[in-house]
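Convention: sequence-line order gives letters A, B, ...; per-chain numbering from 1.
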Amino acid sequence: MKYWLMKTEPTTFGVDMLEAAPRKTTCWDGVRNYQARNMLRDEMRRGDGALLYHSSCEVPGVVAVMEVVRGGYPDASAFDRKNKHFDADSDPHDPRWFMVDVKLKRRLKRVITLDELRVHAAKELDGMWLLRRGNRLSITPLESAHWRFILSLE
DNA sequence: GCCAACGTTGGC
DNA sequence: GCCAACGTTGGC
């Protein structure tokens, strides 16, 4: 079992919308980056843990714990002409983009902010993807020790 | 295969 | 809105 951190802009899709979704579950579609695609397709499995992170908002930070309830499968939004993430070059018989399903396990009691995570960047959270300079990947792996430490801050 | 131009991300 | 950092594109 692996752990992940998944970024989203709350104005586009945040924890409120996830909580309101049927069975508090959603497909995580629209990822159009090859590195992230490879993780979605090859590495993310049912049962993995994922932290939900809000970016580009007033207080960026970790807001919830999720579980991957379905491993990588083709991202249907790539085939939908009307979808913002439509990709004419993605062949349904050889899909280019993948997604997973995630379910909200619980909201954190409070937001664990980016600022707070940074405090520990050189020690407990050394090597964490999110804290690396210039990192823009929307899905990143999380070491289990980092997962535990972040949740211990709650 | 190089690399300049361009687009996107995301904190501030 | 600014801008650093990075990914992608496309001419050569």
Pairing of A:Arg32 and A:Asp75 as salt bridge, 4.0 angstrom limit: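 Answer for the salt bridge query: yes.
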May I ask you to say whether A:Asp16 pairs ionically with A:Arg107, meaning some side-chain N is under 4.0 Å from a carboxylate O?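 Between A:Arg107 and A:Asp16 there is a salt bridge, with a charged N closer than 4.0 Å to a carboxylate O.
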Whether the A:Thr113 and A:Asp115 side chains hold a donor-acceptor pair (N or O, under 3.5 Å, no angle test) is what I'd like checked.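 Note: A:Thr113 and A:Asp115 side chains miss the donor-acceptor criterion.
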Hydrophobic clusters join Ile, Leu, Val, Met, Phe, Trp and Tyr when side-chain heavy atoms are under 4.5 Å apart, directly or via other members; which others share one with A:Met99?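 Members other than A:Met99 - counting any ILVMFWY side chain reachable under 4.5 Å - are A:Tyr73.
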Should the pair A:Trp97 and A:Tyr34 be assigned to parallel (<30°), tilted (30 to 60°) or perpendicular (>60°) ring geometry?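 The rings of A:Trp97 and A:Tyr34 sit tilted, inter-plane angle from 30° to 60°.
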Should the ring pair A:Phe149 and A:His120 be called parallel, tilted or perpendicular, given that the plane angle runs from 0 to 90° and is split at 30 and 60?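 The rings of A:Phe149 and A:His120 stand perpendicular, inter-plane angle above 60°.
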Chain A contact limits on DNA chain B, taken 5' to 3' with a cut-off of 4.0 angstrom to heavy atoms: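 First-to-last contact on DNA chain B, by the 4.0 Å heavy-atom rule, is B:dG7 to B:dC12.
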Those residues of residues 114-134 of chain A lying under 4.0 Å from DNA chain C by at least one heavy atom: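 Residues of residues 114-134 of chain A under 4.0 Å from DNA chain C: A:Arg133, A:Gly134.
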What is the nucleic acid contact for A:Ser56, judged by heavy atoms within less than 4.0 Å: base, sugar-phosphate only, or nothing?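 The answer is base, as A:Ser56 lies within the cut-off (heavy atoms under 4.0 Å) of a base atom.
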Please say which of A:Asp89, A:Asn83, A:Asp91 ends up in a side-chain contact (heavy atoms from CB on, under 4.5 Å) with A:Asp87.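 Looking at A:Asp89, A:Asn83, A:Asp91, the match for A:Asp87 under the side-chain contact (heavy atoms from CB on, under 4.5 Å) is A:Asp89.
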Of all the heavy-atom pairs spanning A:Arg106 and A:Leu151, show the shortest one and how long it is.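 Taking A:Arg106 first and A:Leu151 second, the nearest heavy atoms are NH2-CD2, 4.2 Å.
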